[in-house]
Amino acid sequence: MTASQRRAKRVAVANNKGGTGKTSSTINLAAALAEAGYNVLVIDLDPQGNAGRRLALAADPAQPTVSDVLKTLAERPDASLEGCAADAFAEIGWPSPYNERITLLPSRTDLENRAMLEAGQLGAVHRLEVALDGADDELDIVLIDCPPNLGHLTQLALAAADVALCVMDPELDGIEGAMALRDFVANNRKKLGNSSLEVVGYIVNRVDTRTGAHKFQVEESIPEIFGQDLWQPLLPERVAIKDAADADPPRPLRALGRDGEEMASRFDKLAAQLTARVGLEVPTVEVS
Ligand SMILES: Nc1ncnc2c1ncn2[C@@H]1O[C@H](COP(=O)(O)OP(=O)(O)OP(=O)(O)O)[C@@H](O)[C@H]1O
Ligand SMILES: [Mg+2]
């Protein structure tokens, strides 16, 4: 298979709990992958639209979004619409080389209504998969940023994905959310038409080992529950994550210079594990 025929590896980034760092991990893994020369699609599947904002998407009311893509598929069930996600691809606002290698499928708040309309409809859970088939053939990897639940939007991602990746914080709720994702995948992958789907890795974010509870969770509880699927390195609580996300305009970690470097290099290592785990070849493009 040549590079131009290859379908990208699709990764659903999820957890049943909010605020664990799903979006931060999605965009910073995308940055690490882009730096390594991979062509990445980030799908913002959260009506909050945090991934798009943090990738400095230009405000443009005419920009189609993932809800437009889903609506098109819902309204034209007989049409051949495979690959129609490409109609809503957007450029990100980060500088080169990121903007050359990261494409965004953005979301808006109306995605919430779309999900409510479509949840439970026969076949609706496969609409993202249909929309992507063919649209991501020229890309290497697709990272799907899920909302903090296991509802219809996350199910769209799980139906379309090759693998799931969980981001948790080292607190009881975050761990329970990760276990809920793991069990949901195990119990529902067949119903999602994706019987080989697995949660291939657990990233632990926002670790503060000065907190006794965090120290216990990362040293004992989390390794015991998730075993070798627990990925290293852990991600500490660092202000650089917020500084990059909340800058005007938002920027990649390495644009912060030394302040962003420590976290960026941790994401490089996690990105290398991801590419190894999904069997992605080293890109042939030259890295500037
Ligand atoms: N390692 C970290 N250090 C410091 N702040 C962090 C870290 N990771 C994430 N944050 C901050 O925590 C907040 C929540 O992170 P993020 O939005 O990535 O989580 P999320 O899981 O996507 O949330 P949601 O469930 O709402 O989608 C954000 O303000 C983000 O900047
Ligand atoms: Mg998020």
Side-chain angles (χ1 to χ4, degrees), residues 11-32 42-57 65-66 94 104-109 111-112 115 143-154 156-158 164-181 184 199 201-211 214-215 217-218 222 231-256 259-271:
V11 183
V13 182
N15 189 321
N16 194 34
K17 177 175 182 254
T20 60
K22 296 174 292 298
T23 305
S24 303
S25 298
T26 301
I27 62 165
N28 290 309
L29 284 171
V42 171
I43 302 181
D44 189 346
L45 209 54
D46 188 333
Q48 296 179 95
N50 295 337
R53 193 197 59 73
R54 292 182 204 172
L55 289 165
L57 174 72
T65 65
V66 68
W94 282 3
L104 175 70
L105 176 50
S107 85
R108 264 196 282 274
T109 47
L111 183 57
E112 189 79 59
L143 301 178
I144 311 172
D145 183 29
C146 296
N149 57 57
L150 301 172
H152 182 66
L153 293 169
T154 299
L156 280 166
L158 295 176
L165 179 62
C166 181
V167 182
M168 73 175 94
D169 52 7
E171 314 223 333
L172 282 176
D173 293 343
I175 296 168
E176 279 187 6
M179 291 165 69
L181 172 69
F184 185 85
V199 184
Y202 296 83
I203 291 175
V204 186
N205 180 38
R206 314 201 69 165
V207 178
D208 181 356
T209 46
R210 292 169 308 177
T211 313
H214 279 205
K215 198 167 154 54
Q217 303 295 4
V218 296
I222 294 175
W231 284 8
Q232 299 289 344
L234 306 177
L235 296 170
E237 181 80 16
R238 288 288 184 271
V239 75
I241 294 282
K242 280 182 193 291
D243 284 349
D246 294 347
D248 185 15
R251 56 192 64 165
L253 278 167
R254 283 203 162 90
L256 302 181
D259 290 345
E261 184 55 37
E262 181 212 0
M263 286 302 268
S265 67
R266 286 175 188 260
F267 279 108
D268 291 342
K269 295 187 180 96
L270 293 168

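One is the number of the first residue; the rest follow in order along the sequence. Atoms within each ligand, like the ligands themselves, are counted from 1 in listed order.
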### Task
Provide, to 0.1 Å, the distance between atom 18 (O) of ligand 1 and the closest protein heavy atom, together with that atom's residue and name.
Ser24 OG, 2.6 Å
### Query
Side chains of Glu171 and His214: donor-acceptor distance under 3.5 Å anywhere?
yes
### Task
Considering heavy atoms of the protein only, find what lies nearest to atom 8 (N) of ligand 1 and give residue, atom and distance to 0.1 Å.
Asn205 ND2, 2.9 Å
### Task
Answer yes or no: is there a side-chain heavy-atom contact under 4.5 Å between Asn16 and Phe184?
no
### Message
Once you restrict to heavy atoms under 4.0 Å, what part of Leu235 touches ligand 1? Side chain, backbone, both or neither.
### Response
neither
### Query
So is Met168 in contact with ligand 1, going by heavy-atom distances below 4.0 Å?
no
### Message
Taking Gly52's backbone N and O only, do any of them form a donor-acceptor pair with Asp44's side chain (distance below 3.5 Å, no angle check)?
### Response
yes
### Task
Using a strict cut-off of 4.0 Å, indicate which atoms of ligand 1 neighbour a heavy atom of Gln48.
24 (P), 26 (O), 27 (O)
### Query
Just wondering, is there an N, O or S atom on Thr23 that's nearer than 2.8 Å to the Mg ion (ligand 2)?
yes
#### Entry: Shortest heavy-atom approach to atom 24 (P) of ligand 1 - which of Gly174, Gly19, Ala245, Pro47
Gly19
#### Entry: Which of the ligand 1 atoms, numbered from 1, are nearer than 4.0 Å to a heavy atom of Gly18
25 (O)
### Message
If we only consider heavy atoms of Pro236, is any one of them less than 4.0 Å away from an atom in ligand 1?
### Response
yes
